[in-house]
Amino acid sequence: MKVLVVGSGGREHAIVWKLLQSPKVEKVYCAPGNGGISQIAECVPIGAMEFEKLADYAEKEGIGLTVIGMDDPLVGGVVDVFEARGLRVFGPRANAAIIEGSKAFSKELMKKYGIPTAAYEVVHSPEEARAYLETSEYPIVLKADGLALGKGVLICQTKEEAMAGVDTLMVQKQFGSAGDTIVIEEFMTGREVSVLSFCDGRTIRIMTSAQDHKRAKDGDRGLNTGGMGTFSPSPFFTKEIEEECMETIFRPTLAAMAAEGRPFTGVLFFGLMLTEKGPKVLEYNARFGDPETQVVLPRMENDLLEVFEACVDGTLDQVELRFADNAAVCVVLASDGYPEHYERGFVIEGLERFEGRDGYYCFHAGTKATEKGIVTNGGRVLGVTALGGDLHEAKRNAYEAVEWVGFENKYFRHDIGQAFEER
Ligand code: AMP
Ligand code: GLY
């Protein structure tokens, strides 16, 4: 089968790489892809938001399945466009992707169906927000309703900070219309864990757990980013906690979406906080995580195409997911200055050192193939993943491999995986 993957990040590189291991996959295409993806698949110069062009291409090339990696096209309805044209596609329709696209929607859903999450209030104007904040307890969390690349969340220690946050989101509109409505949320403490699942509308299958490091700097300082590194599994997400989440969060969420007439097909990503009062939902995403995928897929033993097809065909109840009894750590190599200002266009040296090294992977995010070779082309440039027998070994291996590649403004965190060592 020919498969088309839509997206251009490290997540899509990992998906393409994993699909190529399936004996059923004849060829993989990626739109628009990146420098690393172009070395293993055919990159197609169509943007992820050009739905009709993507569908035209899938039709013309005889693509058997299109896999949507990114959130924007999902929320924008790319799956609906493909389905209307009779094309097979993996991902939720717009009416289900809203679980990520609108925080107000997801909070109301959790409230209606009794799914544990932080207490909150949805507000639609700066005045309403300020009035609410007068009587709140601190710290408190402000979230832009819409998509903001994981950056529209402000954790405010004091009333003054929160009032300034309302200005940033709702008056200056730093995240555009994503801030027209905001969610004001109780601040929770505990361990964070990312749990990805496959869903076919009725059945949910949980993948192995992971933990992301969202802040730009060591020691969880600096601005929130898309994610600076991950490890898998999370030692805090025990079998007992998984069972509890299955009963209180995972199955109830899928059932709630079906009951609302929004059956969820695709990858449903649960951002959880393991609080003293039990696991609670921080956020939902309607797709694979980036860089969670870069530690989860290298540990997965199933044929990824088979799992995607089971989701699309509604036969996921016949699939058991299998993950290796090992661990993985991914360290993101970024351009210094990310997530704010940074330069691009620097040649990346040493990429060939990953060739033929089992258990070491270099997934490209912001890179581009040029006449000079592969150059940097974004904030997050590469995700260096290594496997190990346990998390400690995987971490050592990943930090060893981080030294194999170089570019002028290379920046990375030195403490990815610190959390599991504190245990
Ligand atoms: P989100 O995009 O909703 O996952 O938020 C980004 C990050 O902000 C999360 O990974 C948490 O570290 C933090 N965060 C979000 N909501 C809360 C909350 N209610 N309490 C504490 N931390 C939060
Ligand atoms: N790494 C978090 C996300 O993909 O949203």
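Predicted model only: the values in this text are computed from it and were never measured. First listed ligand is number 1; within each ligand, the first listed atom is number 1.
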Q. By number and element, which atoms of ligand 1 are closer than 4.0 Å to a non-hydrogen atom of Phe187?
A. 20 (N), 21 (C)
Q | Proximal atoms of ligand 2 relative to Glu292 (non-hydrogen, under 4.0 Å) | A | 1 (N), 2 (C), 4 (O)
(Q) Whether the side chain of Glu128 engages the backbone of His124 through a donor-acceptor N/O pair (distance < 3.5 Å, no angle test) should be reported. (A) yes
Q: Look at the aromatic rings of Phe237 and Phe250 and report parallel, tilted or perpendicular, splitting at 30° and 60°.
A: tilted
Q. Among protein heavy atoms, which lies nearest atom 5 (O) of ligand 2, and at what distance?
A. Arg287 NH2, 2.9 Å
Q) With a 4.0 Å heavy-atom cut-off (strictly under), which part of Glu192 contacts ligand 1: side chain, backbone, both or neither? A) side chain
(Q) Tell me whether Lys214 has any N or O atom under 3.5 angstrom from an N or O of ligand 2. (A) no
Q: Please confirm whether Gly226 comes under 4.0 Å of ligand 2, counting heavy atoms of the residue only.
A: yes
Q) Are His364 and Asn34 close enough that a side-chain donor and a side-chain acceptor fall under 3.5 Å? A) no
Q: Would you mind running through ligand 1 and noting each atom that sits below 4.0 Å from a heavy atom of Leu282?
A: 3 (O), 14 (N), 15 (C), 16 (N), 17 (C), 18 (C), 23 (C)
Q: Check each atom of ligand 1 against the heavy atoms of Lys214 and keep those under 4.0 Å away; list them by number with element.
A: 4 (O), 10 (O)
Q | Backbone N/O of Gly389 and side chain of Asn326: donor-acceptor pair under 3.5 Å | A | no
Q: Give the numbers and elements of all ligand 1 atoms closer than 4.0 Å to a heavy atom of Lys103.
A: 2 (O), 3 (O)
**Q.** Contacting atoms of ligand 2, where contact means under 4.0 angstrom from a heavy atom of Asn285
**A.** 5 (O)
(Q) Under 3.5 Å between any N/O of Asn224 and any N/O of ligand 1: does that happen in this structure? (A) no
Q.
Within a 6.0 Å radius of atom CD on Gln21, are there more than 12 heavy atoms belonging to other residues, nucleotides or ligands?
A. yes
Q: Would you mind running through ligand 1 and noting each atom that sits below 4.0 Å from a heavy atom of Val141?
A: 16 (N), 17 (C), 18 (C), 19 (N), 20 (N)
Q | Distance flag, aromatic centroids of Tyr360 and Phe354, threshold under 6.0 Å | A | no
**Q.** Ligand-residue contact atoms, ligand 2 with Asp212, heavy atoms, under 4.0 Å
**A.** 1 (N), 2 (C)
(Q) Test of understanding: given a 4.0 Å heavy-atom threshold, classify the contact between Ile155 and ligand 1 as side chain, backbone, both, or neither. (A) side chain
Q. Relative to the ring of Phe198, is the ring of Phe288 parallel (under 30°), tilted (30 to 60°) or perpendicular (over 60°)?
A. perpendicular
Q) Under 4.0 Å from any heavy atom of Lys143, which atoms of ligand 1 are there? A) 3 (O), 15 (C), 16 (N)
Q: Check whether any heavy atom of Gly227 sits under 4.0 Å from an atom of ligand 2.
A: no
Q. Going by the angle between their ring planes, with limits at 30° and 60°, are Phe412 and Tyr399 parallel, tilted or perpendicular?
A. tilted
Q: Could you say whether the N/O atoms of Arg11 and ligand 2 ever approach to under 3.5 Å?
A: no
Q. Counting distance only, does the side-chain N/O of Asp80 pair as donor-acceptor with the main-chain N or O of Ala94 below 3.5 Å?
A. yes
Q. Quick one: which ligand 1 atoms are inside 4.0 Å of a heavy atom on Met273?
A. 21 (C), 22 (N)
Q) Quick check, are the ring centers of His213 and Phe231 under 6.0 angstrom apart? A) yes
Q: Number the atoms of ligand 2 from 1 as they appear, then name those within less than 4.0 Å of a heavy atom of Gly289, with their elements.
A: 4 (O)
Q: Mark yes or no for whether Ser22, through its side chain, and Asp303, through its backbone, hold a donor-acceptor pair below 3.5 Å.
A: no
Q) Does any N or O atom in Glu283 lie less than 3.5 angstrom from one in ligand 2, N or O only? A) no
**Q.** Side chains of Thr181 and Val123 in contact at under 4.5 Å (non-hydrogen atoms)
**A.** no
